[in-house]
Engineer: 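Right, I'll just put the structure down here and ask away after.
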Amino acid sequence: MKVLIVGGGGREHALAWKLLQDDPRIELVAAPGNPGIAALGRCEPVSATDVPALCALAQREQADLVVVGPEAPLELGLVDALRALGMPAFGPTRAAAAIETSKRFAKELMLAAGVPTAMARTFTDAAAAKAEVRRLGAPVVVKASGIAAGKGVIVAMTLEEAEAAVDAMLVDNAFGAAGAEVLVEEFMTGEELSIFGLTDGTHVLPMIAAQDHKRIGEGDTGPNTGGMGAYAPVSIAPQALMDETVARVFTPTLRAMRDAGCPFTGLLYAGLMLTPRGIQVVEFNCRFGDPETQAILPLLGSSLLAPMLAIARGESLAGAAPLQWKPRAAITTVLAAAGYPGTVRNGDVISVPPTPRDVLVFHAGTKRDAEGMLRTAGGRVLAVTALAATLAEAREASASFAAQVQFDGKQYRRDVGWRELARRARAS
Ligand code: AMP
Ligand code: GLY
């Protein structure tokens, strides 16, 4: 069987690793891949956003399965184009990807379907948006509707900050087309959870819940990043909460997508907040999360390949066995380059010692130079996942290996999982 993975980050390395665990005979091709993935298969120098070239590659390779990692090719219609060629592709169509790429679409769908989420209204006119900001009062949240490289959400603690965000998006065009429509949303409080569901458009196989750390600094301080670490399992997501998430979030959302004429197949990522009013959806993503995937997949005891193939082939998941989880804990520590999340310095030499048992190193922003030396080539460079019987042991192993990886300017957090560890300490 030949599998083509589109993308070249830590998430795609983890997907490649897991699919090969499921079936070591897989012939793996990645576009563009990275040096970590190159140890598992063949990397082709095709950009993850070049839809015609990706289609040509998939056809040339006669891939039995194409797995699309990032949202950008999904938004560009890669899955539509592959399906038109009769190729089995895992991921939503462009229309279904709108659940991530248009916050307006997602919000209207959720509110109409009764999915629990914060109230919000959409504006294109700055004066009207500011009137709504004043009506709601601070704190209040202003969001660019489109994809704004993770910077399009302003959680404003004051009216001035919220009005400035409205002006930046609607008057100064700071986010371009992504900010031409803004949502003004009520402020919520609570812990956030990431829950992924594999879906054929109707049925869902939920994965265990994870939490990630978005801030660069220990104690969750400093600027936002793409994610500095993740961990699973999470004790605030017992089975009852998972069942509730399927019943109140996944099932009605998938039904509403079918009713809207754009059934969602692939991996639906529900970003939830556990508020005093109960679970609320903060956002949906139309793909696996990064770095949660690097923590979750090593805990998956059953096959990922089987449900992915079924979904890509358009088969039903009715009657599919639930996913099986190893009774272990995983902590993923992201190692970021100098300057991240601001302007990143590339080209620092990386040295990775041999990995101990139960430690996995996933590559993200790495590159081999002409001499074969591994160098930094992006903001998030590596993700170090450690598995152990307890979260505390996993954290120790992950942080200690992260300390041994060397490159100039390395930044990482030693406190990944601190909320969960504090919770467990309180409970005992
Ligand atoms: P999003 O891109 O929609 O996930 O938003 C990014 C982050 O902003 C979320 O992970 C939350 O931490 C925060 N956020 C988004 N919406 C709200 C809200 N209504 N109230 C409080 N925080 C929010
Ligand atoms: N970890 C957040 C994301 O993948 O969007």
Side-chain angles (χ1 to χ4, degrees), residues 7 9-12 14-15 69-72 74-75 97 99-107 110-111 116-122 132-133 136-157 161-162 165 169 175 178-179 182-196 207 209-216 220 223-232 234 267-277 279-297 332 334 336 341 362 364 379-380 383 416 419:
R11 163 183 53 207
E12 287 77 24
L15 285 165
E71 65 277 13
L74 296 169
E75 185 174 27
I99 200 154
E100 170 170 359
T101 62
S102 169
K103 289 190 193 289
R104 173 195 187 146
F105 173 85
K107 185 61 73 175
M110 283 189 275
L111 292 175
T117 188
M119 276 305 302
R121 292 174 60 196
T122 308
E132 178 71 355
V133 159
L136 289 176
V140 62
V141 183
V142 178
K143 300 185 174 185
S145 180
I147 298 268
K151 298 192 174 78
V153 175
I154 311 295
V155 180
M157 300 318 284
E161 209 186 326
M169 291 177 196
F175 298 103
V182 305
L183 278 71
V184 178
E185 182 168 297
E186 55 175 347
F187 173 77
M188 303 186 289
T189 54
E191 277 203 53
E192 292 179 60
L193 276 180
S194 306
I195 302 186
F196 301 171
M207 298 197 159
Q211 289 188 292
D212 69 348
H213 291 282
K214 294 209 165 67
R215 305 298 187 108
I216 187 84
D220 295 318
N224 258 317
T225 70
M228 293 299 290
Y231 50 100
V234 187
L267 188 290
L268 183 59
Y269 167 141
L272 303 179
M273 198 180 274
L274 303 187
T275 75
R277 298 191 295 220
I279 55 171
Q280 301 275 318
V281 177
V282 178
E283 62 163 351
F284 284 115
N285 291 317
C286 64
R287 36 100 195 149
F288 283 88
D290 191 333
E292 294 98 319
T293 301
Q294 294 92 306
I296 289 175
L297 292 186
T332 300
V334 168
F362 297 116
R380 291 186 291 171
V416 176
R419 276 178 209 282

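Keep in mind it's a predicted model, so treat the numbers as computed, not measured. Both ligands and their constituent atoms are indexed starting at 1 by order of listing. Along the sequence shown, the residues carry numbers beginning at 1.
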Engineer: List in chain and number order the residues that pass salt bridge (Lys or Arg N to Asp or Glu O under 4.0 Å) with E185, two or more places apart in sequence or in another chain; answer none if no residue qualifies.
Structural biologist: K107, K143
Engineer: So how far is it from E283 CD to M273 CE, rounded to the nearest 0.5 Å?
Structural biologist: 10.0 Å
Engineer: Checking side-chain polar atoms at under 3.5 Å, does T332 have a donor or acceptor matched by the opposite partner on Q294?
Structural biologist: no
Engineer: Rounded to the nearest 0.5 Å, how far apart are CG of L74 and CG of L267?
Structural biologist: 10.5 Å
Engineer: Looking at atom 3 (C) of ligand 2, what's its closest protein heavy atom, distance included?
Structural biologist: R287 NH1, 3.5 Å
Engineer: How far does CE of M207 sit from CZ of F288, to the nearest 0.5 angstrom?
Structural biologist: 4.5 Å
Engineer: List by chain and number: which residues place a heavy atom under 4.0 Å from ligand 1?
Structural biologist: K103, V141, K143, V153, V155, E185, E186, F187, M188, E192, K214, M273, V282, E283
Engineer: What distance separates L193 CG from L274 CG, expressed to the nearest 0.5 Å?
Structural biologist: 4.5 Å
Engineer: Tell me: protein heavy atom nearest atom 2 (C) of ligand 2, and distance?
Structural biologist: Y269 OH, 3.3 Å
Engineer: If you round to the nearest 0.5 Å, how far is CE of M169 from CG of L183?
Structural biologist: 10.0 Å
Engineer: Find out whether E161 and P139 are in side-chain contact, i.e. whether some heavy atom of one side chain is under 4.5 Å from a heavy atom of the other.
Structural biologist: no
Engineer: Hey, which atoms in ligand 2 end up nearer than 4.0 Å to a heavy atom of N285?
Structural biologist: 5 (O)
Engineer: Only heavy atoms of G289, strictly under 4.0 Å: list the atoms of ligand 2 that pass.
Structural biologist: 4 (O)
Engineer: Could you state the interatomic distance from CZ (R419) to OH (Y231), rounded to the nearest 0.5 Å?
Structural biologist: 6.5 Å
Engineer: Does the N or O separation between E283 and ligand 2 drop below 3.5 Å for any pair?
Structural biologist: no
Engineer: Does ligand 2 come near enough to E292 that some N or O of the ligand is less than 3.5 Å from an N or O of the residue?
Structural biologist: yes
